[in-house]
**Student:** 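Structure incoming, see below.
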Amino acid sequence: MTGTDHEHSESIVLAAQWLAEQHPAPQPVIHELRKRFPLSALEACEACAMAQRFRTYRKAAG
């Protein structure tokens, strides 16, 4: 993975962590993620999916 790919991956994870903590999630989600984090539309979608997995794992772990 190149430095740039790693930076983008880190941005996606940070955005996902932030989004997973928001109750309720901001609307529209993609726009808010792109405003707060340096993400493309595709990366913002990836962050949304990752945030949902984080919520699911947290709920399963109790």
Side-chain angles (χ1 to χ4, degrees):
M1 188 177 319
T2 66
T4 305
D5 290 338
H6 177 70
E7 290 172 18
H8 287 295
S9 295
E10 187 175 337
S11 295
I12 293 169
V13 172
L14 291 173
Q17 289 171 336
W18 176 84
L19 182 58
E21 295 296 322
Q22 304 307 303
H23 300 287
Q27 296 296 322
V29 175
I30 301 301
H31 175 75
E32 187 64 28
L33 288 176
R34 293 193 71 200
K35 186 171 76 173
R36 290 179 175 270
F37 300 92
L39 301 173
S40 68
L42 177 59
E43 290 168 331
C45 290
E46 291 174 11
C48 286
M50 188 179 290
Q52 184 58 44
R53 286 192 302 273
F54 290 162
R55 289 185 203 106
T56 302
Y57 298 153
R58 187 179 303 136
K59 188 174 183 179

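Quick caveat, the model's predicted, so the values are computed rather than measured. One is the number of the first residue; the rest follow in order along the sequence.
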**Student:** Quick one: side-chain hydrogen bond (donor to acceptor under 3.5 Å, both in side chains) partners of E21, sequence neighbours excluded?
**Tutor:**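 Counting only residues at least two positions away or on another chain, E21 forms a side-chain hydrogen bond (donor to acceptor under 3.5 Å, both in side chains) with R58.
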**Student:** Hey, can you pull the donor-acceptor pairs under 3.5 Å for the side chains in residues 45-55, sequence neighbours left out?
**Tutor:**
| unit_1 | atom_1 | unit_2 | atom_2 | d |
| --- | --- | --- | --- | --- |
| Q52 | OE1 | R55 | NH1 | 3.1 |
| R55 | NH2 | L19 | O | 3.2 |

**Student:** Do P28 and I30 come within less than 4.5 Å of each other through their side chains, counting heavy atoms only?
**Tutor:**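 P28 does not reach I30 side chain to side chain.
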**Student:** Could you tell me which non-hydrogen atom of A44 sits nearest to which non-hydrogen atom of R34, and how far apart they are?
**Tutor:**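 It is CB-CG, 4.0 Å.
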**Student:** Between L39 and S11, what is the shortest heavy-atom contact and its length?
**Tutor:**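 Heavy-atom minimum between the residues: CD2-CB, 3.8 Å.
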**Student:** Going by the rule side-chain hydrogen bond (donor to acceptor under 3.5 Å, both in side chains), which residues pair with E32 if we only count those two or more places apart in sequence or in a different chain?
**Tutor:**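 Partners of E32 by the side-chain hydrogen bond (donor to acceptor under 3.5 Å, both in side chains) criterion, ordered by chain and then number, come out as K35, R36.
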**Student:** Where is the tightest heavy-atom contact between P26 and Q22, given as atom of each residue plus distance?
**Tutor:**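 Reported closest heavy-atom pair: CD-CB, 3.9 Å.
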**Student:** So do the side chains of F37 and I12 get within less than 4.5 Å of each other, counting heavy atoms only?
**Tutor:**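 Side-chain contact under 4.5 Å: no.
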